[in-house]
Amino acid sequence: MKESKVFRMPDAGAIKCFDKQGLEIEVKPGDELWGQNGCFTVNPMSFTKLGKAGKVLEDAAEWKDGLRCVLDNNTGLVWEVKSPKKGDVNYTADRYSWKKAGDAYIKKLNKAKYSGFSDWRMPNKDELRTILDYGRTNPAVDLNYFPNTQSDLYWTANPYNMQKPFIWGLFFGLGSGICYTPSSERFVRAVRGGANRKYGVADPSRFKDNGDGTITDGITGLMWQKGENERMDWYAALKVCREMRLAGHDDWRMPNLKELNTILNLDYTNGWWYFKDFFPADGLKPPLLHYFSSTPYEGIYVWVTNFCFGYDGYYASKNAKLLFRAVRNVNKPAAAQEVKFKFPDSGQKRCYTENGDIIKAPKPGERYFGQDGSYSIYPLSFSKLGTEGRLLSDKATWEKGWRMVKDNNTGLIWEVKSPAAHDVNFGGDSYTWEDAFTYVKELNKKNFGGFRDWRLPSREELRMIVDYNGQIPACDPKFFLDCLPAFYWSKDSDVKEPIFGWGVYFAYGCAICYLKTSYYPVRAVRGGYSRRFGIINAYDFKDNGDGTVTDLNSNLMWKKDEGPELNWEEAMKFCQDMELAGYKDWRLPTIREIGSLMDLSFKDGCWFHKNYFPGTKTAPLGFYWSSTTYGDTFGWGVNFQFGYDGYYAGKKEGKYPFRPVRTIR
């Protein structure tokens, strides 16, 4: 095990953003509600599971697999994992008075060399708070890493100096810091190590007065506003923080609850919970010294810390008029690399002749080069996820916590169906088109996978997980083990004939429609790197004025005008030999690519984008070639006369139109 040598102040958890009614929303810079906790990601909570002697384990490991400790990758602290077995030295249900927790229990743990170590100790209050996740309740911790956690108070090493002999603890039901009599029997979680052992120690030497109205904490890397602000409601305070210009910095924000509590002086020096030499609290007198944090509680409330009594076990109305103190990060986190939407390959890996013979992938200039299997641009790529989007091993199963699949090209996250008939998303259930929307509401109500933003996919989104390599059902069995060779609903209605709804038939992978009153399966989706892709009213094309048209949603560039009608091999060669608008990397599109040109809005009474591809041929058949093979001797294609992509034609005999494409990287 390689412990972290650099302390990073962890974020407050998986925090969402909320509107004034407490409903989850997406907030962007410049919005009125920008600045709340969920707007910022600095150091996301990150843990590694460890076995005996610090051996790194898979993220899906459980107690029976040897899980004994958890490393916090931000703080370097190593936490014990509680045993589910009664009689074990660290049985999860065992309770202790404060003295027995810090004396007898810790000594017993070290004597037993639990997990191979003998330097276990009781954590201080700030250390214990680092593992709290304020996006969770009952308990307020990620149970994947801290299984068997009780929704109760856990002792810290800090006495409550305002009223001895009380002792600080953290209530893991919600995440609040409160104190209890030391004779009370509560829980304890031991810790060892740490990237900075001074973290959580009430040592004023960690602060530096910059002489410009700011204070820097050398341990947390946070810069604080030194002076006070007038009392105001939370919404106004957010605005003041985001508009603050202090000491030449314009990236001030309201602190989250973890950050705010790091400036509590737990020594209660001279009867103050402030570090008065650095935060003099000019003009302030007890008892009303409540400070806002940016961290929400149940959507409509917000966590606050009381600098009169040192408590943070409070939440207040966002409309209350309270104090606040702005903060910023001294060292900005490394800018996250922008993740872009990538249009995935079809999945076809084999190459064929026009007679259906399988051949080695041809090279440029060779016969049959240009077919689907001869290219690898953005290969299909998926990841298994657990609750809250936790990354799992590719070997993870439903029993091991597998709940979602992420498409690493599109960013779309797909539900994994349950094998249990009583579960909300049992894989064997079918729905009418209308009932499919009700199903998604129920999925959100149940907070499936830790999320409430599930939706029905568009037809195009659903097509993105089709694997055209020839297997049945037409998807990757490793990641979509539950997929049936059946039609799956999309959210899109057939505009021409509204009694039909669009979907994808996963026996082969073609996009077709069925009567909305029919019963078929559903696979919900969330997220996505491009929320415009596949949305009927969000098509976004650009005529480049040079004979090409760019689809800004898919990053594909198309030839605008029509060409000759050729057979499959001739069409591939035509694309290979073509030079247009200064580009020489034209090719025949895959079935997934050419299918994305369907205009499902049926604007102007046609299934193609007439303003950009006015010469599209719909007669006599409306069939356009793709480079993808179907059934060895046929070529997949789309039909712009009927709006379907479930068509194929003989490679050798058929002569049809086609539209060259290239990928914009």
Side-chain angles (χ1 to χ4, degrees), residues 11-40 129 132-140 151 153 162 168 170-179 224-225 227-244 252-264 273-274 279 281 283-327 445 447 452-453:
D11 292 350
I15 311 298
K16 296 179 173 65
C17 293
F18 300 89
D19 66 12
K20 293 184 178 181
Q21 285 72 47
L23 300 176
E24 291 180 22
I25 57 170
E26 181 181 352
V27 182
K28 299 178 180 178
D31 291 350
E32 177 188 7
L33 295 177
W34 177 260
Q36 53 185 298
N37 197 155
C39 296
F40 300 99
R129 186 188 301 280
L132 285 169
D133 187 330
Y134 288 96
R136 308 170 191 264
T137 56
N138 296 312
S151 294
L153 184 125
M162 187 179 192
W168 279 113
L170 289 177
F171 177 60
F172 271 71
L174 302 177
S176 48
I178 49 181
C179 60
W224 294 89
Q225 176 191 9
E228 303 298 327
N229 300 290
E230 64 178 276
R231 288 178 169 85
M232 60 186 72
D233 66 47
W234 188 71
Y235 303 105
L238 287 178
K239 185 173 187 291
V240 168
C241 289
R242 67 174 176 260
E243 294 181 353
M244 182 175 289
W252 295 94
R253 56 183 171 82
M254 189 182 291
N256 66 45
L257 187 61
K258 286 184 182 178
E259 292 169 332
L260 181 58
N261 280 282
T262 63
I263 60 172
L264 266 178
W273 294 101
Y274 296 81
F279 305 102
L284 298 181
K285 295 181 180 180
L288 298 178
L289 300 177
H290 297 78
Y291 282 72
F292 277 128
S293 79
S294 64
T295 308
Y297 174 73
E298 292 192 345
I300 58 175
Y301 302 105
V302 63
W303 283 103
V304 300
T305 295
N306 186 338
F307 277 75
C308 178
F309 299 107
Y311 275 51
D312 62 58
Y314 293 88
Y315 52 89
S317 166
K318 296 176 182 178
N319 294 313
K321 293 189 176 181
L322 304 179
L323 298 164
F324 64 96
R325 189 182 306 282
V327 73
K445 184 179 179 182
N447 197 34
R452 291 190 175 93
D453 58 348

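Quick note: residue numbers are just sequence positions, from 1. Just so it is clear, the structure is predicted and the values come from calculations on it, not from any experiment. We use all heavy atoms of the structure for the numbers below, so side chains are in, but hydrogens, waters and symmetry mates are not.
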Task: Tyr314: partners by ring-ring contact (aromatic ring centres under 6.0 Å, His included), with sequence neighbours left out - done: His290
- [ ] Mind jotting down which residue pairs meet the salt bridge (Lys or Arg N to Asp or Glu O under 4.0 Å) criterion with at least one end in residues 296-308? Sequence neighbours excluded, please.
- [x] none
Open item on the list: According to side chain to side chain contact (heavy atoms under 4.5 Å, CB included), who are the partners of Arg253, at least two apart in sequence or on a separate chain?
Closed with: Phe40, Val42, Leu222, Glu259, Val327, Asn329
Open item on the list: If the condition is side chain to side chain contact (heavy atoms under 4.5 Å, CB included), which residues does Thr137 pass it with, not counting sequence neighbours?
Closed with: Leu174
Task: Those residues that, when tested against Arg452, pass salt bridge (Lys or Arg N to Asp or Glu O under 4.0 Å) (two or more places apart) - done: Glu24
Task: With sequence neighbours excluded, residues passing side chain to side chain contact (heavy atoms under 4.5 Å, CB included) with Ala316 - done: Val304, Leu322
- [ ] Tell me, please, which residues at least two apart from Glu228 pass side-chain hydrogen bond (donor to acceptor under 3.5 Å, both in side chains).
- [x] Tyr291, Arg325
Open item on the list: According to side-chain hydrogen bond (donor to acceptor under 3.5 Å, both in side chains), who are the partners of Thr305, at least two apart in sequence or on a separate chain?
Closed with: Asn261
- [ ] Indicate the atoms forming the closest heavy-atom contact of Met162 with Phe309, along with that distance.
- [x] CE-CD2, 3.5 Å
Task: Ring-ring centroid check Tyr311 Trp168, cutoff 6.0 Å - done: yes
Task: Which residues share a ring-ring contact (aromatic ring centres under 6.0 Å, His included) with Trp303, sequence neighbours left out - done: Tyr134, Tyr297
Open item on the list: If the condition is side chain to side chain contact (heavy atoms under 4.5 Å, CB included), which residues does Asp31 pass it with, not counting sequence neighbours?
Closed with: Val27, Lys28
Task: Lys/Arg N to Asp/Glu carboxylate O, Arg129 vs Asp312, below 4.0 Å - done: yes
Open item on the list: Going by side-chain hydrogen bond (donor to acceptor under 3.5 Å, both in side chains), name the residues that satisfy it together with Thr295, two or more places apart in sequence or in a different chain.
Closed with: Asn37
Task: Which residues share a side-chain hydrogen bond (donor to acceptor under 3.5 Å, both in side chains) with Asp453, sequence neighbours left out - done: Arg526
Open item on the list: A quick test of your reading: do over 12 heavy atoms of other residues, nucleotides or ligands sit less than 6.0 Å from NZ of Lys321?
Closed with: no
